[in-house]
Amino acid sequence: MDLFQDLNPPQKEAVGHTEGPLLVLAGAGSGKTRVLAHRIAYLLSEARARTDQILAVTFTNKAAGEMADRVRALVGDVSAGMWMGTFHSICSRLLRIEGRRLGISPDFTIYDEQDQKLLVKQVMADLGLSPSKLAPSGVLSRISWAKSGLLTPDEYAKRALGPYEKRVATVYPLYEAALRMSNALDFDDLITIPVRLLGGHPEVLERNAARFRYILIDEYQDTNKAQYELVRLLSSTHRNICAVGDDDQSIYRWRGADVTNILNFERDFTDAKVIRLEQSYRSTKTILAASQAVIQRNKMRKAKTLWTENPVGRKIVVSGVGGEQEEGRFIADAVEQFAREESRGHGQFVVLYRTNAQSRALEEALRKSAIPYVIVGGLKFYERKEIKDIIAYLKLVSNPKDSVSLARIINVPNRGIGDVTFSRLKEFAADEGVTTGEVLDRVSEIESLKPGARRRLEVFGDIVRELRSLSESHPVAELIGLVAEKSGYLDHLKQQTTIEAMSRLENIQELVAGGYEFQERSETPTLAKFLEEVSLVMDIDLWDDHREAVSLMTLHNAKGLEFPIVFIAGVEEGLIPHHTSFEDQEELEEERRLFYVGLTRAKERVFITVALGRRGFQGWMPQVGSRFLEDIPDEFVETITPFHEERRPAPVRDHEDWGEEKIVHTGSRVRHPDWGVGTVLMSEGYGEQLRLTVRFGGNVTKRVLARYANLEILDGEI
DNA sequence: TACATTGCGATCCGT
DNA sequence: TCGCAATGTA
């Protein structure tokens with residue numbers, strides 16, 4: 001099979017340029033996945049590398065699976081043993097092999113955000129910091145930022161500036177110590193610990209850098225500093241690193257992604273070859289031109305010119321809708337019409353939105369119209385209480401030092417072990433310098449316990465020990481069932497007759513089924529591996545793209561996907577760009593890229609909805625169309641229903657005048673050129689988000705965004 | 001120690 | 001609007 005046959009010239013070059021660093025700047029829809037798959041197939045078929053000498057990093061586990069399928073289709077079943085997956089799954093694998101050197105035993109537990117939060121709270125409590133004064137989630141995000149930037153607690157402390165950072169700096173080292181003590185890793189550790197391992201142990205570096213003759217990284221624009229450092233180290237021997245990405249699609253800056261990794265690739269790898277893939281095979285000329293017009297407004301980007309031989313296609317439809325219900329109905333109607341008139345399967349549609357909260361109304365509308373749909377994300381299976389509880393038992397069984405999991409389940413279901421007993425356990429553990437989990441085997445030594453409490457703890461300890469020994473003789477799926485049974489969880493749920501309890505039982509059943517599925521699929525179906533998969537699974541991994549249903553997902557989840565018909569819901573100021581980004585130029589550029597990613601998912605049609613108002617956290621809030629819509633030239637747009645009745649080209653008032661909430665009170669009088677003089681009935685929000693409800697003469701009441709409404713204040717005061 | 005009630009606060013994107 | 005944390009009561 002000629003692996004170059006169906007490729008265009010730059011694609012051929014990217015596949016054939018195997019030696020030395022290579023950066024492929026791949027525009028949206030330019031066939032980068034194809035290039036990666038062909039490149040791997042070429043390396044294997046030319047026998048330049050064995051499968052286990054190739055490292056391919058993808059952005060999702062699903063993408064890794066699809067890559068393996070494509071390679072298999074090209075050169076047969078050779079992908080077994082290949083290092084292919086997300087940064088996190090690859091690092092996890094590496095750590096189970098090499099982690100011991102840094103005191104990470106292979107049965108380590110991965111802490112998710114909930115676990116991290118509990119741990120931070122514990123640490124903060126020990127420091128006497130009140131969670132109401134210092135938000136644990138805020139502390140955690142600073143720590144995560146530091147870790148993904150490879151800053152140790154010491155380094156962070158040195159550069160900590162204000163009082164806030166200084167307090168974070170006191171939590172950080174203790175948080176790290178607590179993780180190590182529990183033999184647990186957070187998501188950042190999965191990357192940073194391998195980096196320290198490779199950076200600090202020459203023999204480990206040598207072994208692993210020698211192994212990986214060829215390294216490929218997809219979605220390179222969304223790697224963070226730690227991930228960059230990891231691939232830099234791993235590629236140091238052979239230097240055959242191929243990074244593929246598009247700076248215009250960098251949408252994870254908030255998670256530590258550093259787009260300079262792509263912008264500076266040529267500086268970091270001096271003899272790097274750069275290849276641009278600029279022909280788009282995905283979108284129509286109209287969609288491509290419109291999206292280019294949007295993204296070109298960004299300042300921080302590499303200039304590029306995408307082109308396509310695809311037909312011009314139809315215009316982008318922008319429609320104003322009253323609120324979220326109407327928005328849902330509009331989308332549902334459009335789907336029905338397409339399905340009917342053009343015999344489109346439901347799988348051809350996707351509805352994209354900025355926030356998961358938007359999915360509710362959209363979902364409802366589709367359900368009302370009896371349109372099959374699937375939601376990606378939202379309430380995750382593995383985040384349900386009963387599932388997290390059972391998983392916590394499994395984690396404790398797998399890793400006896402896991403203190404967070406123990407705290408979660410020591411009294412679930414109720415077994416009479418309350419706060420008092422647990423704090424005596426903690427106290428004893430602290431005195432002995434071990435974790436609470438380890439103390440479970442030494443309950444008799446804790447003198448502060450009352451006889452009843454001691455007995456109950458012993459019983460619980462027996463359960464855990466029994467499960468631990470069962471875990472050695474039973475496969476994962478059976479163990480899950482045993483956990484549910486021996487922990488008393490099943491009985492506890494069966495006692496209740498509520499619908500909720502029934503559904504929890506079903507979910508546990510589903511987890512058992514998942515365990516069986518895992519055993520059949522996995523080469524090494526160990527408990528640790530199962531727990532790793534459960535921790536690292538992504539919503540999008542579970543999404544079945546062959547299902548004939550309309551997909552609903554966030555713009556972030558849509559990265560790398562394509563659909564014939566794309567709806568983007570809620571293209572409004574405050575949603576996209578999200579209001580939290582209003583004051584930061586770089587964040588605004590990221591929001592623009594996010595919108596660009598949304599547009600470029602479409603092959604044929606784009607529908608955009610703009611709601612005139614939405615239910616906010618406290619009532620109805622008027623909305624105005626996104627500034628990004630103005631960047632799409634009129635020639636590419638067909639507006640069905642007007643969407644910015646209050647929007648005028650020149651806001652009369654300088655922003656200053658609206659800067660303070662106090663300026664306009666209820667009862668203030670204002671004048672509007674069309675509506676005349678009116679009285680303010682209600683004001684919500686402040687600054688640029690100030691919204692007023694005004695009653696004008698003739699019983700006309702209007703809700704307006706003050707920033708855009710052409711209002712003159714007659715008697716407002718400071 | 002368990003459970004009910006009240007009150008508050010935080011509201012995006014997700015490995 | 002909702003979920004969770006602190007508080008009060010059996």
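Sequence lines set the chain letters: A, B, ... in the order given, protein chains first and strands last, and positions in each chain run from 1. Model, not experiment: these values are computed from the prediction.
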Lys NZ or Arg CZ of A:Arg96 over A:Phe108 ring: under 6.0 Å, within 45°: yes
Row check, A:Tyr596 ring normal vs A:Arg593 NZ/CZ: under 6.0 Å, within 45°: no
Sugar-phosphate, base or nothing in reach of A:Thr60, heavy atoms under 4.0 Å: nothing
Touch class at under 4.0 angstrom, heavy-atom based, for A:Lys121 against every strand present: sugar-phosphate
Residue pair A:Ser182 / A:Tyr111, side-chain heavy-atom distance below 4.5 Å: yes
Protein-nucleotides 3-6 of chain B N/O pairs closer than 3.5 Å?
from  : atom 1 : to       : atom 2 : distance (Å)
B:dC3 : OP2    : A:Asn414 : ND2    : 2.9

Candidates A:Asp541, A:Asp539, A:Asp545 - the one meeting salt bridge (charged side-chain N to carboxylate O under 4.0 Å, His left out) with A:Lys62: A:Asp545
Side-chain donor/acceptor of A:Glu219 to backbone N/O of A:Phe59, under 3.5 Å: no
Short side-chain to backbone donor-acceptor contact, A:Asp222 and A:Ile251, under 3.5 Å: yes
Side-chain ion pair, A:Asp631 and A:Arg297, N-O less than 4.0 Å: yes
Check: A:Phe187 ring centroid to A:Phe87 ring centroid under 6.0 Å: no
Please list, pair by pair, any protein nitrogen or oxygen found under 3.5 Å from a nitrogen or oxygen in nucleotides 12-15 of chain B.
from   : atom 1 : to       : atom 2 : distance (Å)
B:dC12 : O4'    : A:His578 : NE2    : 3.0
B:dC12 : O2     : A:Arg354 : NH1    : 3.0
B:dC12 : O2     : A:Arg354 : NH2    : 2.4
B:dC12 : N3     : A:Thr580 : OG1    : 3.1
B:dC12 : N4     : A:Thr580 : OG1    : 3.3
B:dC13 : OP1    : A:Asn356 : N      : 2.2
B:dC13 : OP1    : A:Asn356 : ND2    : 3.4
B:dC13 : O4'    : A:Arg354 : NH1    : 3.1
B:dC13 : O2     : A:Trp254 : NE1    : 3.0
B:dG14 : OP1    : A:Thr554 : OG1    : 3.0
B:dG14 : OP1    : A:Asn557 : OD1    : 3.1
B:dG14 : OP2    : A:Asn356 : ND2    : 3.1
B:dT15 : O3'    : A:His88  : ND1    : 3.3
B:dT15 : O2     : A:His88  : NE2    : 3.3

